[in-house]
J.: 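Here it is, the structure in full.
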Amino acid sequence: MPVPHDPDAKLGAYAHPERLVTTQWLADHLEDEGLVVVESDEDVLLYDSGHIPGAVKVDWHTDLNDPVLRDYVDGARFAEVLGARGIRRDTTVVFYGDKNNLWAAYALWVFTLFGHEDVRLLDGGRAKWIAEGREITRDVPERTPVEYPVVQRDDAPIRAFREDVLAELGSSKLVDVRSPGEFSGELLHMPDYPQEGAMRGGHIPGARSVPWARAAAEDATFKSRDDLAAIYEQEKGLKPSDDVIAYCRIGERSSHTWFVLTHLLGFQRVRNYDGSWTEWGNTVRVPIETGADA
Amino acid sequence: MSEQTAPLPPALDELVDDFASVPARDRLQLLLELSDELPPLPERYAGHAEAMEQVHECQSPLFLAVELDDERRVHVFFDAPPESPTTRGFAGILHTGLDGLPAEEVLAVPDDAPFRFGLAEAVSPLRLRGMVAMLSRVKRQVRARLAA
């Protein structure tokens with residue numbers, strides 16, 4: 001039996017309300033058959049220090065990235081990771097995590113590369129769950145391993161590569177979701193993070209600057225649909241029919257923006273360029289621009 | 001190869017053995033215990049981040065301070081929030097392994113020590129850079145204190 005959607009009114013205003021659940025809804029549905037809660041964080045130990053009861057951990061480094069090739073895992077490894085956590089192809093997966101769901105959105109995007117259909121984000125993520133005093137445990141659930149089919153990753157619809165960006169310079173709409181300092185070329189990483197990773201600072205020519213966290217409200221939930229539209233559509237002039245490519249430093253922050261544009265605002269073609277600045281800013285003779293957003 | 005086999009101080013060596021004796025999955029639990037047990041800051045540092053050095057290479061905010069006592073033994077103090085258990089765990093390793101050692105022994109700790117805990121697989125090599133940076137900053141501060 002499919003897991004029902006959260007009928008919450010705020011969520012109902014988004015283009016695809018079925019992609020979000022509220023903390024209250026999740027608390028009420030933790031025991032639902034066919035639902036698995038996945039925590040994905042920046043800090044690999046955060047889950048172990050306490051998580052939503054029954055949740056399993058998926059780590060972006062050790063579970064979703066290929067350890068050798070700079071790429072995501074292949075179908076066989078993905079099947080292993082999910083099968084071991086008791087996730088079937090038709091399981092409803094609810095993601096949540098730290099930092100405004102940054103890494104949770106990233107994991108959700110990678111699951112989408114494999115066509116896992118029912119993926120949802122917990123609105124407000126780990127911070128809201130904890131702020132509301134909801135239960136947290138260190139007990140790691142014993143999940144019975146299941147068979148997850150080996151499916152071929154389908155990158156084309158939601159993932160852009162350097163060649164795509166180069167070929168479409170000026171035709172696709174580029175959204176740079178890094179901090180203003182990284183956009184202008186002053187910084188090579190988020191403020192307060194180690195400054196490493198690129199030979200040149202700046203942005204891809206023509207890109208508009210919309211720092212990813214502008215989509216989040218104070219309590220880590222997503223801003224309302226109207227507020228989001230005010231930023232991306234009215235302020236930056238993007239249209240839901242535009243061909244949009246979002247990028248950041250390694251593709252994690254831009255998968256958050258991908259989620260916002262695709263599922264909350266209903267844009268039809270948004271791709272995440274995960275090579276992002278660590279590729280573009282290190283590549284010989286690709287054009288860049290410096291300076292603040294116009 | 002000589003770097004690989006450079007000896008570690010006893011307390012650090014013991015920790016390497018602890019980590020080596022458990023499978024990768026349990027190494028994270030061990031790291032979590034060290035995170036839990038990281039001692040709180042003494043009063044003179046609590047709430048005084050400006051009196052400490054920030055380790056920017058860490059994924060999350062980490063501050064450290066180093067003192068030498070009258071016998072030239074090293075005392076290290078670390079501060080990281082509970083939402084950053086990995087960083088706290090790294091600090092816990094260094095606190096357990098280095099606190100109370102003579103300055104010369106701290107300076108002799110090989111720079112590759114962070115890679116000997118079998119954590120690269122469990123937390124990823126990229127994240128280990130934070131511990132490498134902490135160690136090098138501790139050693140730099142010890143050198144500065146000795147010179148003062």
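As a basis for the values below, the full set of heavy atoms in this structure was taken, side chains included, without hydrogen atoms, waters or symmetry mates. Every chain is numbered from 1 and lettered A, B, ... according to where its sequence line falls, protein lines coming before strand lines.
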J.: Determine the option with the most heavy-atom pairs under 4.5 angstrom with chain B, choosing from A:D41, A:D59, A:D98.
T.: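 Most heavy-atom pairs under 4.5 Å with chain B: A:D59.
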
J.: Less than 4.5 Å apart, side chain to side chain, heavy atoms only: is that true for B:M131 and B:L94?
T.: yes

J.: Does the ring of A:W212 carry A:R178 above it, NZ/CZ under 6.0 angstrom from centre and within 45° of its axis?
T.: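 Because its charged atom misses either the 6.0 Å distance or the 45° angle limit, A:R178 does not stack over A:W212.
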
J.: Below 4.5 Å from any heavy atom of chain B, which atoms of A:T62 appear? Answer side chain, backbone, both or neither.
T.: side chain

J.: Heavy-atom distance under 4.5 Å to chain B: side chain of A:R138, backbone, both or neither?
T.: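 Contact with chain B is through the side chain of A:R138 alone.
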
J.: Do A:Y148 and A:E80 meet the criterion of a side-chain donor-acceptor pair at a distance under 3.5 Å?
T.: no

J.: Check the side chains of B:E67 and B:Y45 for a donor-acceptor pair under 3.5 angstrom, ignoring hydrogens and angles.
T.: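 Side chains of B:Y45 and B:E67: pair found under 3.5 Å.
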
